[in-house]
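Predicted model, so just to flag it, every value in this text is computed and none were measured.
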Amino acid sequence: MLSPIGMSNRYIIPIANVSQVTPINTDNTVASSGKVNPVECETCKNRRYQDGSDEMVSFKTPGKISPEESFAKVSAHEQEHVTNAVAEGNKPGKELISATVSLKTAMCPECGKAYVAGGTTRTMMKTYGKDPFSQNQKAFEAEATKGNNVDYVA
């Protein structure tokens, strides 16, 4: 038993005989071990993602995504939809009002890993045509919003 600091009794901790220690086998790792080799479960192995929209984006044909990559790849896919909406909103006579992305998460029933199960992009676009009604609506909205932004600092 070791004594607290300041006590007069001192104990010596024996040092292990280093020559008797078994050397570590550097080739014996988790990845090289046959008993502990990580295996992907069948549910995750067979999971496929496919886009159901009519836009030209990725995952038009079913594709596999691992649970670890699902957040990055599904987010990037949904960003393609947002990019398409921004490009459409920059066309003459159109205005992109909003674009929102929501991701759905789930847990694998077999291995318990969390993954992103899918995503949805919702966009709101306003279109102005050449007809008198659309032109009148655009003029009315412009008139209604004048003066709504006030700079209190100035």
Side-chain angles (χ1 to χ4, degrees), residues 2 13 15-16 18 20-154:
L2 291 175
I13 301 173
I15 298 174
V18 177
Q20 295 179 359
V21 175
T22 307
I24 297 173
N25 183 359
T26 56
D27 292 337
N28 189 14
T29 61
V30 172
S32 67
S33 172
K35 294 180 181 178
V36 193
N37 195 11
V39 177
E40 189 174 31
C41 76
E42 286 299 314
T43 305
C44 290
K45 186 177 180 181
N46 295 326
R47 186 177 302 116
R48 300 282 183 255
Y49 290 77
Q50 184 173 8
D51 180 68
S53 70
D54 56 355
E55 290 184 69
M56 291 308 299
V57 291
S58 60
F59 290 102
K60 284 308 201 181
T61 59
K64 184 192 176 316
I65 302 176
S66 70
E68 295 82 13
E69 297 174 326
S70 63
F71 176 77
K73 289 192 175 181
V74 172
S75 296
H77 170 81
E78 295 304 323
Q79 184 60 42
E80 290 180 54
H81 288 293
V82 172
T83 303
N84 289 346
V86 169
E88 185 72 20
N90 287 333
K91 291 181 179 177
K94 293 195 174 187
E95 180 183 359
L96 178 64
I97 303 299
S98 69
T100 59
V101 174
S102 59
L103 299 178
K104 180 182 174 186
T105 59
M107 299 288 281
C108 177
E110 188 177 345
C111 66
K113 286 184 182 176
Y115 65 96
V116 175
T120 305
T121 300
R122 289 184 172 81
T123 59
M124 186 180 298
M125 191 82 61
K126 187 174 274 191
T127 306
Y128 299 103
K130 300 229 182 244
D131 61 290
F133 176 76
S134 294
Q135 294 300 318
N136 190 26
Q137 180 184 7
K138 187 174 183 179
F140 174 75
E141 288 174 357
E143 186 64 33
T145 58
K146 283 184 182 174
N148 285 348
N149 297 328
V150 179
D151 188 1
Y152 291 107
V153 178

Show the atom names and distances, to 0.1 Å, of all donor-acceptor pairs under 3.5 Å that link a side chain in residues 59-67 to residues at least two apart or in another chain.
{"from": "K60", "atom 1": "NZ", "to": "D51", "atom 2": "OD2", "distance (Å)": "2.9"}
{"from": "K60", "atom 1": "NZ", "to": "S53", "atom 2": "O", "distance (Å)": "2.2"}
{"from": "K60", "atom 1": "NZ", "to": "E55", "atom 2": "O", "distance (Å)": "3.1"}
{"from": "K64", "atom 1": "NZ", "to": "E40", "atom 2": "OE2", "distance (Å)": "3.2"}
{"from": "S66", "atom 1": "OG", "to": "E69", "atom 2": "N", "distance (Å)": "3.3"}
{"from": "S66", "atom 1": "OG", "to": "E69", "atom 2": "OE1", "distance (Å)": "3.3"}

Calculate, to the nearest 0.5 Å, the distance between atoms CD and NE2 belonging to Q79 and H81 respectively. 10.5 Å
Do other residues, nucleotides or ligands put more than 12 heavy atoms under 6.0 Å from the CZ atom of F71? no
Not counting sequence neighbours, which residues clear side-chain hydrogen bond (donor to acceptor under 3.5 Å, both in side chains) with E88? List them please. K91, K94
Side chain proximity check, E80 to S58, heavy atoms < 4.5 angstrom: yes
Under 3.5 Å, side-chain donor or acceptor atoms of residues 111-127 against the rest of the protein: list the pairs with distances, not counting sequence neighbours.
{"from": "K113", "atom 1": "NZ", "to": "E68", "atom 2": "OE2", "distance (Å)": "3.0"}
{"from": "T121", "atom 1": "OG1", "to": "E78", "atom 2": "OE1", "distance (Å)": "2.5"}
{"from": "K126", "atom 1": "NZ", "to": "E141", "atom 2": "OE1", "distance (Å)": "3.3"}
{"from": "K126", "atom 1": "NZ", "to": "E141", "atom 2": "OE2", "distance (Å)": "2.9"}

